[in-house]
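Heads up: the structure comes next, in structure tokens.
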Amino acid sequence: MSTLFDKIWNKHVVKSIEGGPSVLYIDKHFIHEVTSPQAFDGLRKRGIPVHNVKQVVATADHNVPTIDQHLPIKEALSKMQVQKLVDNCAEFGIELYGLGHPYQGIVHVIGPELGVTQPGMTMVCGDSHTSTHGAFGSIAFGIGTSEVEMVLATQCLLQSKPKQMRITIDGELHKGVTSKDIILYIISKISASGATGYFVEYAGSAIRALSMEARMTICNMSIEMGARGGLIAPDETTINYVKGRKFAPQGADWDKAVAYWKTLRTDDDAKFDVEINIKAEDIEPMVTYGTNPGMGISVNENIPSEKSIDDKEKPSFLKSLQYMGFEPGEKIKGHKVDYVFIGSCTNARIEDLRAVASFVKGKKKSDDVEVWIVPGSKQVEAQAKEEGIDKILEAAGFQLRQPGCSACLGMNEDKIPAGKYCISTSNRNFEGRQGAGARTLLASPLTAAAAAITGVISDVREMI
Amino acid sequence: MSKPLNIVKSRFVPIAIENIDTDQIIPARFLKATTREGFGKNLFRDWRYNNDNELEPKADFPLNNPNFSGEILVAGKNFGCGSSREHAAWAVDDYGFRVVVSSFFADIFKNNAQNNGVLPVTVSEEFLQKIFALGNEATLTVNLEAQTITIDATGEQTSFDINNYKKTCLLNGYDDIDYLLSIKNEIKEFEKA
């Protein structure tokens with residue numbers, strides 16, 4: 001009678017407070033430079049150590065430059081923040097995969113890639129896209145800096161158990177439709193707040209058919225519909241992915257772990273607060289037209305007309321279109337783009353780069369488009385080079401940069417100029433997200449690569 | 001330890017926009033600070049100023065309208081969605097707001113606000129629209145102990161939910177971390193099991 005979420009949650013409750021939250025034990029804690037300095041200050045002020053440094057994984061990703069990473073960071077505040085992480089990790093004894101380290105990268109890319117992320121775990125990070133790790137069948141969610149301090153100090157958090165939603169996607173995806181399109185489609189249907197207060201389990205044959213990296217893209221964007229996190233039951237795909245990775249269990253521990261992971265599934269008679277069913281065949285390549293990730297349509301649809309919008313929501317809708325420079329009812333296909341960004345914790349893994357390379361091989365980018373490919377980690381970058389992906393991208397006129405969060409949120413120099421359109425494989429199209437005045441259109445790596453070649457929003461299915 | 005909070009009676013600043021995300025509350029370029037202080041001056045930075053210039057305030061933005069003031073921020077549905085940055089809660093607090101009223105809050109923002117002594121008050125969409133329709137002289141009274149919010153001029157009142165634990169924390173200015181540190185032995189026992 002239990003859901004997958006219940007099974008993991010129950011195993012991690014240290015105690016419950018009457019009429020209040022539970023004390024939830026956290027197995028792994030990822031930290032980065034932006035949301036940790038004030039937490040370390042808190043520990044210093046209280047004069048207390050980190051509870052267990054072995055359960056903390058640190059990297060620098062949000063602020064780092066994506067060119068010339070071997071040189072000192074030019075921007076003074078970014079440099080100071082990254083240095084602060086180095087100093088804090090040294091002082092408290094935490095191992096850091098910092099700039100220049102072969103494991104450095106976006107925190108939600110390196111966790112899975114190193115085998116830190118495993119089924120059945122509870123995992124947190126001061127970053128809302130921590131939901132990514134749920135793809136392995138773990139409870140993973142983003143937290144604020146006060147909570148980072150709590151986990152550093154006690155390895156625990158006070159949490160109220162969320163409600164639960166299951167989204168089942170059955171059937172087969174059309175060619176050229178990817179897991180990014182699945183999640184953009186779901187959010188467009190249930191809105192940017194449709195899952196607030198819920199933890200979401202993704203299920204169904206279309207999910208089972210996805211690779212681990214494709215599953216991570218879906219779980220990653222759970223937060224964009226308000227969900228605290230999303231998770232997918234582990235299966236052979238999961239076990240095969242984790243096997244042999246640096247921090248994966250070995251020998252007898254591995255066998256024991258696998259036996260446990262195989263029990264991690266929702267019981268047939270378990271009840272969810274909300275159930276949503278989606279047919280994979282209904283999903284087309286998606287793109288967003290507005291300033292929240294719920295404002296998505298198929299590349300072949302028109303932007304909604306003013307008539308179709310509820311009166312109360314009209315001011316926000318019109319404000320959003322005004323920012324984007326779009327008219328209600330306008331066709332989106334064929335609209336010009338200026339920048340293409342392929343990167344972020346949503347879509348910067350090796351499979352994303354492979355898909356892009358295989359599509360653009362032998363093609364050239366449109367002359368008036370700038371294309372940035374930012375790998376998710378040093379390991380992804382190295383693998384891309386080993387496979388010759390770098391050469392294919394360069395020949396197409398794409399810039400392959402160095403790992404980091406980059407233009408997803410423009411904390412480093414990678415900003416989109418005001419008024420310019422950027423088709424982006426990242427997760428948020430908020431006003432100013434990619435730079436003040438920048439206009440973001442979220443899409444899959446394939447749809448972004450198609451726009452890079454044509455210079456306009458295109459249906460990638462017509463090009464493969 | 002944050003400031004204890006119980007009754008807040010004040011005028012309010014209305015921002016009748018839905019889905020206000022944390023990138024609007026505090027843009028990412030201001031997240032490079034390594035302390036908790038000083039974020040208030042950059043609250044809603046890009047909605048507040050033209051050309052990122054404090055000398056060019058946008059006259060139609062409520063924070064720049066001298067008719068609006070007070071310790072209560074009232075905002076449209078799904079306030080605080082997006083990133084987990086606690087800097088958003090720090091900015092709201094540092095600007096001087098003690099209470100945020102909306103018909104819906106994003107989860108992480110809600111936790112972050114409560115962890116900084118800022119009270120998120122969830123009201124019905126209908127009640128929220130009533131507040132938006134009030135004149136700028138109107139005041140609201142938020143009573144945490146009684147879990148009520150009142151439009152003072154008309155006496156219209158509604159109640160709001162908050163779990164008892166969080167309520168006690170806010171009323172007394174307690175932090176979660178104090179509690180967690182106090183049960184460290186139980187946590188260690190749990191780890192051994």
Side-chain angles (χ1 to χ4, degrees), chain A residues 14-15 17-21 23 25 34-35 37-38 41-42 46 48 51 62-63 77-78 80-81 84 126-128 130 141-147 149-150 153-158 160 162 192-193 196-197 223 226 228 291-292 294 312-313 315-316 319 409-411 428 430-433 436, chain B residues 16-24 27-29 31-36 45-47 51-52 76-78 81-90 104-109 111-113 115-116 125 129 163-169 175-177 179-181 183-184 186-191:
Chain A
V14 177
K15 66 185 284 188
I17 300 173
E18 183 113 4
V23 177
Y25 190 79
V34 178
T35 55
Q38 294 88 348
D41 279 348
R46 290 172 195 272
I48 51 177
H51 181 80
H62 281 63
N63 265 297
L77 287 174
S78 292
M80 188 181 82
Q81 204 171 44
K84 200 101 192 170
D127 188 286
S128 60
T130 307
F141 55 92
I143 55 176
T145 298
S146 295
E147 294 169 314
E149 184 181 337
M150 292 171 209
T154 69
Q155 210 58 42
C156 286
L157 277 178
L158 285 158
S160 298
S193 59
T196 303
I223 183 73
R228 216 43 220 287
T291 54
N292 74 60
K312 197 179 61 59
E313 286 166 11
S316 303
K319 180 179 187 297
L409 83 168
M411 272 195 83
R428 288 189 174 132
F430 297 153
E431 283 185 33
R433 173 83 179 177
Chain B
I17 296 170
E18 298 189 343
N19 297 311
I20 296 178
D21 59 76
T22 51
D23 276 83
Q24 308 318 315
R29 62 185 185 280
L31 308 186
K32 296 180 187 187
T34 52
T35 64
R36 289 171 182 246
R45 178 81 187 193
D46 293 335
W47 285 358
N51 305 313
D52 201 11
K77 188 178 87 178
N78 200 24
C81 60
S83 116
S84 65
R85 61 188 70 163
E86 193 161 316
H87 313 67
W90 297 335
F104 204 86
F105 286 94
D107 283 334
I108 308 181
F109 177 82
N111 283 348
N112 286 341
N115 283 335
N116 287 279
E125 189 60 42
Q129 294 305 325
N163 80 46
N164 279 334
Y165 169 82
K166 275 292 171 196
K167 182 174 168 177
T168 308
C169 286
D175 295 332
D176 283 358
I177 192 164
Y179 173 76
L180 290 172
L181 287 168
I183 61 159
K184 199 101 189 232
E186 287 174 71
I187 295 170
K188 285 184 177 154
E189 284 306 311
F190 178 88
E191 285 177 324

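Model, not experiment: these values are computed from the prediction. Order of the sequence lines fixes the chain letters, A, B, ..., with proteins taken first and strands second; residue numbering starts at 1 for each chain.
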Heavy-atom pairs under 4.5 Å with chain B - which of K15(A), H62(A), M80(A) has more of them than the others? K15(A)
For chain A, which of K166(B), E125(B), Q129(B) has the most heavy-atom pairs under 4.5 Å? E125(B)
Among N112(B), I17(B), D176(B), residue most engaged with chain A (heavy-atom pairs, under 4.5 Å): D176(B)
Does any donor atom in the side chain of R428(A) or S128(A) lie under 3.5 Å from an acceptor atom in the other side chain? yes
In terms of heavy-atom pairs under 4.5 Å with chain A, the winner among R29(B), E191(B), R85(B) is E191(B)
Against chain A, work out which of T168(B), N164(B), N78(B), N19(B) has the most heavy-atom pairs shorter than 4.5 Å and name it. N78(B)
Polar contact flag, side-chain donor to acceptor under 3.5 angstrom, W90(B)-Q38(A): no
Between S83(B), P27(B), A16(B), which has the largest tally of heavy atom pairs under 4.5 Å with chain A? S83(B)
Taking every heavy-atom pair that is under 4.5 Å apart, which of G144(A), S78(A), G126(A) has the most such pairs with chain B? G144(A)
Among P315(A), S316(A), A192(A), single out the residue with the greatest number of heavy-atom pairs under 4.5 Å to chain B. S316(A)
For D41(A), enumerate each residue passing the side-chain hydrogen bond (donor to acceptor under 3.5 Å, both in side chains) test, keeping only those at least two apart in sequence or located in another chain. R44(A)
Between G42(A), A153(A), G294(A), G20(A), the one whose heavy-atom pairs under 4.5 Å with chain B are most numerous: A153(A)
Under 3.5 Å, is there a donor on one side chain and an acceptor on the other for E18(A) and Y165(B)? no
Testing L77(A), V34(A), T35(A) one by one against L31(B) for a side-chain contact (heavy atoms from CB on, under 4.5 Å), which residue passes? V34(A)
Among I143(A), L409(A), T130(A), which has the most heavy-atom pairs under 4.5 Å with chain B? I143(A)
Among N111(B), N115(B), T22(B), N116(B), exactly one meets side-chain hydrogen bond (donor to acceptor under 3.5 Å, both in side chains) together with E86(B). Which residue is that? N116(B)
Interchain contact, A106(B) with chain A, by part (heavy-atom threshold 4.5 Å): backbone
Give a yes-or-no answer on whether the side chains of T34(B) and Q81(A) include a donor-acceptor pair shorter than 3.5 Å. no
Based on non-hydrogen pairs under 4.5 Å, which of S160(A), G410(A), P21(A) is most in contact with chain B? P21(A)
Please flag which part of E186(B) lies under 4.5 Å from any non-hydrogen atom of chain A: side chain, backbone, both or neither. both
